[in-house]
Amino acid sequence: MAEYDEGMGKLTFKLVYYGPALSGKTTNLMRLHDLVSAELTGELMTLETQNDRTLFFDLLPLGFRTPSGLLVKFKLFTVPGQVAHDGTRKAVLSRADGVVFVADSQRNQGVNNGESFQNLMDNLQRVGLDAQHLPLVVQFNKRDLPNVLSEQEVLERWGTAPWPITFASALSGVGVVETFDALLRVLYRCAEAEYALAAQHQLTEQNFVAAVIK
Amino acid sequence: MIDESFDSDLALDELLPPVVRHRLHDALAVVLGAAFRLLDARGMPLPGEMDVTGSRIPLVLELEPIGYLEMSCDDVLRQQAAKTLVELLLKNEARFKMASRLHLESVYADYEMLQTKHFALQQSEARLRTLSETLEQRVQEQVKTIEGAQRLLYQAEKMASVGQLAAGVAHEINNPIGFIRSNLNSARDYVRQFESLTPLVKAREAALLAEMWQQQQFDELLQDFAELLQDSIAGADRVARIVADLKNFSSVDRAELISADLNDCIRSVCNVAGVQAQQVKIELGLEDLPTLTCNAGHINQALMNLLLNAIRATGERGKIAVRSKLANREIVISVCDDGVGIPAEVLPRIFDPFFTTHDVGQGTGLGLTVCRDIIAAHGGRIKVESEPGQGASFTIYLPILV
């Protein structure tokens with residue numbers, strides 16, 4: 001859980017946006033870059049694309065310093081969604097501290113969502129991560145499109161799952177911050193116990209989220 | 001194995017290898033027009049850097065400084081230009097390093113997966129090889145079982161035809177035994193009558209004896225006695241001949257090869273078969289044959305099967321012709337009957353094991369199969385010609401081995 005560099009006073013979280021091809025993972029990061037007001041916001045690094053589709057990954061670094069001087073750093077990655085790039089997807093997923101699964105809300109994408117989610121579960125197991133305890137948020141994207149599953153339908157299907165469900169239209173920025181907010185909260189609860197964030201760095205869940213999102 | 005994961009933080013000296021750093025120095029010297037040095041994230045100069053003091057500006061990658069540029073130049077514009085150039089260089093270098101490390105990582109993962117698959121394939125191949133080895137063994141065991149069963153069936157077939165024979169032979173032997181016994185009973189009576197003459201002979205009563213001889217018709221009695229004994233001897237000879245033929249036929253079980261005249265075989269088989277079908281006329285047309293090295297017992301069995309079939313086909317009063325000759329270095333033996341013949345649709349199947357036209361219990365369906373196998377074992381072949389109502393003709397060809 002997280003990478004703590006005591007010498008440099010740095011705590012790094014690796015967060016991965018996972019999901020089927022063309023579900024809007026990169027768009028999430030682009031909008032997040034514009035919408036968050038973290039003390040430290042890096043440039044969105046896009047590695048390589050082919051016809052606007054991610055080949056390797058995108059990387060958005062965010063961060064802030066606690067009053068105690070600790071640098072809390074978030075590295076937000078996207079994976080290539082196309083089935084063929086599973087090796088890359090697996091490598092990006094390894095050592096992840098949290099995952100946002102970006103699903104496509106369109107009715108005809110149910111199978112793709114299911115296969116990609118199964119692929120996420122398989123790859124988590126392959127890279128040695130415990131899906132039961134990994135911070136995970138499921139985002140239903142593309143709410144602005146016609147012919148999408150209604151929120152009620154989504155909740156009927158996914159409501160029994162233990163993960164927070166969010167709805168978004170990443171293209172217009174709706175729900176992007178809320179999704180990240182949800183992930184940060186689950187992440188904080190996992191990290192707090194391990195790094196005594198509140199006790200040693202006066203970092204409450206509210207502070208933790210607010211420092212990035214405000 | 002890969003030492004660094006693609007997403008681990010990069011240090012300044014990783015991104016600026018000596019050759020790059022050397023050329024960067026030359027370019028920066030022109031841009032800054034002053035002395036400068038590069039420091040790492042902790043503010044320690046990179047190895048080989050000169051001792052320079054002055055203003056220090058951070059070089060930021062992602063969020064935090066990964067190093068510093070310290071220079072004796074106070075021109076802020078030049079400082080900013082130098083910072084921008086180095087940061088752009090670092091960022092591009094970082095992109096390249098991350099991409100190549102990620103690529104390596106995924107290639108290595110794929111390689112590992114291929115290794116695992118390869119190992120699994122090798123294991124399954126080994127399993128298959130073991131299976132195929134035992135398969136061969138299992139097939140051979142199965143073949144052995146089938147061969148054993150086949151031998152038993154052939155044995156059963158032989159026993160069946162022997163059983164069929166036995167009934168006929170018993171009848172045939174019973175007949176002469178019956179009249180020999182009856183003759184001997186008569187002979188005993190005749191002896192008693194001669195005994196009654198004894199007192200007259202002892203008393204030398206010649207006249208009385210002659211009268212008695214005349215009165216009792218001893219002349220006829222004596223003649224009858226001689227005929228009766230002659231008949232009995234002929235009957236005993238017949239029994240002896242049947243027994244001899246049977247003995248010959250029963251050499252079926254002797255597996256060794258002997259040099260045999262097949263005409264002898266034909267005669268003995270016809271005798272044995274003939275006794276149970278006395279109404280059937282068997283004609284022999286035998287030309288001189290060279291001796292053939294063969295398993296005579298088996299040849300006898302083959303001939304017997306053909307002959308029994310012919311007898312069954314002709315019914316009560318048929319005619320069977322058995323001929324032998326030598327042609328094209330082959331001994332040719334034919335068995336022709338004038339019986340019911342074989343329907344065209346049945347003809348192709350008559351040599352098939354267990355194919356029979358007889359009622360259940362009347363035949364094993366192996367007679368002709370065994371016959372064909374025996375001929376084949378001697379390097380020969382068997383042919384059949386038949387038309388319904390016109391009888392059937394089986395011809396055996398046996399090559400003479402030189």
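Order of the sequence lines fixes the chain letters, A, B, ..., with proteins taken first and strands second; residue numbering starts at 1 for each chain.
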A quick test of your reading: do over 12 heavy atoms of other residues, nucleotides or ligands sit less than 6.0 Å from CG of Leu32(B)? yes
Report, as yes or no, whether the 6.0 Å neighbourhood of atom CD on Gln125(A) holds more than 12 heavy atoms from other residues, nucleotides or ligands. no
Asp110(B) versus chain A, heavy atoms under 4.5 Å apart: side chain, backbone, both or neither? side chain
So what's closer than 4.5 Å to chain B heavy atoms on Leu60(A): side chain, backbone, both or neither? neither
Step by step, work out the ring-ring contact (aromatic ring centres under 6.0 Å, His included) result for Phe6(B) and Phe57(A). CA-CA 11 Å; Phe6(B) 82 96; Phe57(A) 58 86; 5.1 Å; yes
Residues, nucleotides or ligands: over 12 heavy atoms within 6.0 Å of Gln122(B) CD: yes
Could you tell me which of Gly7(A), Pro61(A), Gly63(A), Gly42(A) has the largest number of non-hydrogen atom pairs under 4.5 Å with chain B? Pro61(A)
Work out which heavy atom in Met98(B) is nearest to a heavy atom in Leu59(A); give both atom names and the distance. CE-CD2, 3.5 Å
Is Glu105(B) paired with Arg95(A) through a side-chain N to carboxylate O contact shorter than 4.0 Å? yes
Give a yes or no on whether Phe96(B) atom CZ has more than 12 heavy-atom contacts from other residues, nucleotides or ligands under 6.0 Å away. no
Contacts under 3.5 angstrom, residues 52-60 of chain B side chains, donor-acceptor by atom type, not counting sequence neighbours:
{"from": "Ser55(B)", "atom 1": "OG", "to": "Cys73(B)", "atom 2": "O", "distance (Å)": "3.4"}
{"from": "Ser55(B)", "atom 1": "OG", "to": "Gln79(B)", "atom 2": "NE2", "distance (Å)": "2.8"}
{"from": "Arg56(B)", "atom 1": "NH2", "to": "Glu70(B)", "atom 2": "OE1", "distance (Å)": "3.4"}

Inter-residue atom distance Lys75(A).NZ - Asp9(B).CG, 0.5 Å rounding: 4.0 Å
How many angstroms lie between atom CE of Met113(B) and atom CG of Asp86(A), to the nearest 0.5 angstrom? 7.0 Å
Value for CD (Glu62(B)) from CG (Leu62(A)), rounded to nearest 0.5 Å, stands at 10.5 Å
Does CD belonging to Gln115(B) count more than 12 external heavy atoms closer than 6.0 Å? yes
Met121(A) atom CE, over 12 foreign heavy atoms within 6.0 Å: yes
Taking atom NE2 of His85(A) and atom OG of Ser106(B), what is their separation to the nearest 0.5 Å? 10.5 Å
Answer yes or no: does atom NE2 of His103(B) have more than 12 heavy-atom neighbours from other residues, nucleotides or ligands under 6.0 Å? no
Taken to the nearest 0.5 Å, the spacing of Leu63(B) CG from Lys10(A) NZ works out to 8.5 Å
Name the member of Arg89(A), Glu43(A), Lys90(A), Arg126(A) that forms the most heavy-atom pairs with chain B at distances under 4.5 Å. Glu43(A)
